[in-house]
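As the structure lists them, so they are numbered: ligands from 1, and atoms in each ligand from 1.
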Amino acid sequence: MRKGLKPSYTLHKNFRLPMGFPPENWDSGLTYQAQATDTFIVTYPKCGTTWTQHIVWMLSHDGELFPVGKNINLEVPHLEEVGNDFVKSLSEPRFIKTHLTYDLTPYNPNSKYIYIARNPFDCAVSFYYHTQGFVKYYDFAEGTFDDFFECFINGEVDWGDYFDNLVSWVQHKNDQNVLFLTYESMKNNPKMNIVAIAKFLGDNYLEKIENPQILESILHHTSFTNMSQNQSRWSSQRPANMTPFIRNGKVGDWKSHFSVYQTQRLSQKLRIRTAGTEAENLWQIPE
Ligand code: A3P
């Protein structure tokens with residue numbers, strides 16, 4: 001029988017980092033002093049980070065088009081990838097991406113934190129294609145979904161266990177400086193969620209989207225169809241034979257990937273890990 005393939009990672013302290021992420025940037029990123037003017041976009045990987053980075057970028061640029069030739073990760077940088085000095089070099093107010101659990105995320109009672117949760121089934125599938133496609137980071141081009149599923153359910157992937165991240169943040173869902181959204185709700189009603197983000201960011205952002213042209217521009221340009229264009233704006237290059245980074249953006253895509261047994265196992269873990277927390281009612285748990 002074929003032995004399960006595993007992605008390659010840089011092992012650093014207790015973490016798995018994508019190869020190519022400098023461990024020293026990880027360490028310095030974790031020491032960043034959060035500023036009162038900062039807004040963090042927090043997710044477990046593949047839960048709608050880039051989409052939200054784009055929304056906040058457009059909100060802070062009056063609905064302007066994100067230019068081809070720029071990369072969102074230099075504008076709304078990934079803390080653990082670029083480290084402390086890079087983030088500090090940006091002028092305030094800063095928008096900062098992170099995949100850290102609550103306890104590791106730099107905290108300031110006046111900073112804002114937008115957390116996006118996505119159901120673990122679609123997250124696992126999306127993370128599989130991500131890991132397969134970034135060949136230079138993971139060396140997993142030949143890996144199957146079944147191979148990846150075992151790593152995902154055991155938390156043996158970069159940024160660790162999905163549930164550690166979700167549960168750490170859901171406990172702060174109702175904090176006044178946390179806006180807790182779901183990918184599924186953003187798909188279902190993007191306008192409502194863009195308005196919620198603007199409101200959370202403050203009156204000057206809310207005023208911007210009171211201009212219907214700005215709101216329409218944000219809605220239009222942050223749609224899946226438009227973000228599928230000129231994808232070099234969102235990520236580094238992937239080999240042409242791999243799925244694109246902005247891949248299919250669906251809710252329920254997992255159904256064409258999971259076996260009955262895999263569904264039972266992840267449902268069981270979802271039930272156990274979220275019991276007694278507000279995450280237990282976020283999604284209907286498949287049987
Ligand atoms: P799929 O792989 O399921 O298509 P992240 O930015 O956290 O890495 O998340 C990537 C996931 O969000 C991918 O999911 C991607 O297609 C999806 N996504 C990105 N932009 C989107 C948009 N504008 N609308 C819906 N989904 C989007």
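Residues in residues 140-155 take part in these salt bridge (charged side-chain N to carboxylate O under 4.0 Å, His left out) pairs, two or more places apart or across chains: R2-D147, E150-R265.
Of the possible donor and acceptor atoms, none in the side chain of E92 sits under 3.5 Å from a partner among the backbone N and O of T37.
The pair R273-D164 counts as a salt bridge, with a side-chain nitrogen and a carboxylate oxygen less than 4.0 angstrom apart. We find that R271 and E280 are not joined by a salt bridge, their nearest charged nitrogen and carboxylate oxygen being 4.0 Å or further apart. Remark: R16 does not engage D158 in a salt bridge, criterion side-chain N to carboxylate O under 4.0 Å. Using a 4.0 Å cut-off between charged nitrogen and carboxylate oxygen, D175 and K112 do not count as a salt-bridge pair.
Near ligand 1, heavy-atom contacts under 4.0 Å come from K46, C47, G48, T49, T50, W51, R118, S126, Y183, K187, T222, S223, F224, M227, F245, I246, R247, N248, G249.
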